[in-house]
Amino acid sequence: MEFFETVFGRRTIHNYLPDPVPTEVLDKLLSAAHMAPNHKLTWPWRFVVVGSETRQRLLPIACELKKATSPQVINKIREKLLNPGALIVVTQKINGDDFRQKEDYAAVCCAIQNVMLAATAEGFGSKWSTGGLTQHPSVCDLLEIDLSQETVAGFIWVGVPKSTPTIDRPPLDGHVSYLD
Ligand SMILES: Cc1cc2nc3c(=O)[nH]c(=O)nc-3n(C[C@H](O)[C@H](O)[C@H](O)COP(=O)(O)O)c2cc1C
């Protein structure tokens with residue numbers, strides 16, 4: 001896929017079909033992530049690829065967070081957690097002073113965008129999420145993330161879209177100024 005087609009074609013996908021993401025594709029997405037710029041070559045990103053067995057174990061935590069009790073709601077949460085073909089959890093290694101951590105977070109965000117653009121280029125949908133589940137201490141325990149050493153930058157869900165939302169983007173000119 002051509003570069004601008006990829007950039008303009010990427011959309012946050014909320015609902016996925018239960019189709020797998022091939023390992024070769026996942027490898028490409030992670031390789032793209034590792035090509036992100038990072039100041040002082042701190043390479044601050046870490047990736048945890050979370051399989052369905054571990055994702056199954058996220059379900060009770062997610063249900064508790066949402067106070068979900070009805071089978072319909074629990075089923076919806078199960079679909080959200082298990083349908084996407086892949087889940088990549090992205091963390092940032094804690095390192096240095098506040099400014100370095102800000103720069104490192106920026107680098108991790110570049111890595112995440114690389115994953116999502118690579119997913120689009122490979123014909124898959126993606127979503128970056130930072131909701132309560134992604135920061136929950138029990139989730140970090142389950143994912144073997146040591147919060148004294150790293151912070152969670154987000155979950156990247158990747159898979160085959162069930163539907164693709166459209167969003168209204170405000171006109172670009174309200175976000176740009178030109179100086180002589
Ligand atoms: C840092 C960050 C965190 C996000 N967290 C969430 C989230 O927790 N849940 C969600 O539905 N979307 C999340 N999104 C996706 C945005 O809602 C989405 O990018 C926005 O609606 C624009 O849509 P687009 O990605 O299709 O352009 C997040 C995006 C960013 C950049």
Side-chain angles (χ1 to χ4, degrees), residues 1-18 21 29-30 32-33 35-39 44-50 55 58-59 61-68 73-94 98 101-140 142-143 145 147 150-176:
M1 196 185 269
E2 192 255 329
F3 176 75
F4 284 97
E5 205 185 324
T6 304
V7 172
F8 283 76
R10 184 205 58 78
R11 283 280 65 74
T12 292
I13 303 298
H14 300 282
N15 296 302
Y16 293 85
L17 296 170
V21 175
L29 307 193
L30 294 169
M35 293 304 292
N38 60 109
H39 197 198
W45 44 75
R46 300 288 181 275
F47 306 103
V48 185
V49 180
V50 186
R55 275 197 256 167
L58 294 174
L59 182 63
I61 306 170
C63 289
E64 194 192 311
L65 267 177
K66 297 259 181 222
K67 301 191 190 331
V73 177
I74 293 172
N75 214 34
K76 266 239 149 333
I77 297 173
R78 181 182 288 112
E79 273 188 15
K80 288 243 169 212
L81 293 177
L82 293 175
N83 269 13
L87 168 60
I88 303 169
V89 173
V90 187
T91 72
Q92 175 187 339
K93 191 111 183 49
I94 298 170
D98 284 355
Q101 287 190 47
K102 201 169 166 183
E103 287 191 325
D104 281 350
Y105 180 63
V108 171
C109 293
C110 292
I112 291 175
Q113 177 74 343
N114 277 6
V115 170
M116 297 194 297
L117 290 177
T120 308
E122 290 292 310
F124 289 89
S126 66
K127 172 175 169 168
W128 177 355
S129 68
T130 51
L133 187 70
T134 72
Q135 306 296 323
H136 197 291
S138 306
V139 170
C140 294
L142 186 58
L143 301 177
I145 293 167
L147 290 173
E150 49 194 331
T151 57
V152 177
F155 283 18
I156 315 177
W157 304 92
V158 182
V160 176
K162 192 186 264 179
S163 57
T164 301
T166 51
I167 60 161
D168 281 335
R169 221 161 263 279
L172 173 64
D173 54 16
H175 297 258
V176 184

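Whatever order the structure lists them in is the order used to number ligands and atoms, beginning at 1.
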Q.
Applying side chain to side chain donor-acceptor pair (under 3.5 Å), can you list everything that pairs with K80, at least two apart in sequence or on another chain?
A. none
Q) For A121 and T6, which heavy atoms make the closest approach, and how far apart are they? A) N-CG2, 3.9 Å
Q: Grab the two heavy atoms, one from A36 and one from W45, that are nearest each other, plus how far apart they are.
A: O-CH2, 3.2 Å
Q: Return the set of residues passing salt bridge (Lys or Arg N to Asp or Glu O under 4.0 Å) with E79 (not counting sequence neighbours), or none when no residue passes.
A: K162
At less than 3.5 Å, what protein N or O atoms come close to the N or O atoms of ligand 1? Include the distances to 0.1 Å.
from: ligand 1; atom 1: 5 (N); to: W128; atom 2: O; distance (Å): 3.2
from: ligand 1; atom 1: 5 (N); to: T130; atom 2: N; distance (Å): 3.4
from: ligand 1; atom 1: 5 (N); to: T130; atom 2: OG1; distance (Å): 3.1
from: ligand 1; atom 1: 8 (O); to: T130; atom 2: N; distance (Å): 3.0
from: ligand 1; atom 1: 8 (O); to: G131; atom 2: N; distance (Å): 3.4
from: ligand 1; atom 1: 11 (O); to: K127; atom 2: NZ; distance (Å): 3.1
from: ligand 1; atom 1: 14 (N); to: W128; atom 2: O; distance (Å): 3.1
from: ligand 1; atom 1: 19 (O); to: T12; atom 2: OG1; distance (Å): 3.3
from: ligand 1; atom 1: 25 (O); to: R10; atom 2: NH1; distance (Å): 2.8
from: ligand 1; atom 1: 25 (O); to: R10; atom 2: NH2; distance (Å): 3.2
from: ligand 1; atom 1: 25 (O); to: T12; atom 2: OG1; distance (Å): 2.5
from: ligand 1; atom 1: 26 (O); to: R11; atom 2: NE; distance (Å): 2.8
from: ligand 1; atom 1: 26 (O); to: R11; atom 2: NH2; distance (Å): 3.3
from: ligand 1; atom 1: 26 (O); to: T12; atom 2: N; distance (Å): 2.8
from: ligand 1; atom 1: 27 (O); to: R10; atom 2: NH2; distance (Å): 3.2
from: ligand 1; atom 1: 27 (O); to: R11; atom 2: NH2; distance (Å): 2.6
from: ligand 1; atom 1: 27 (O); to: R169; atom 2: NH2; distance (Å): 2.3

Q: Indicate the atoms forming the closest heavy-atom contact of C109 with W128, along with that distance.
A: SG-CH2, 3.7 Å
Q: Using the test side chain to side chain donor-acceptor pair (under 3.5 Å), find all partners of E64 that sit at least two apart in sequence or belong to another chain.
A: none
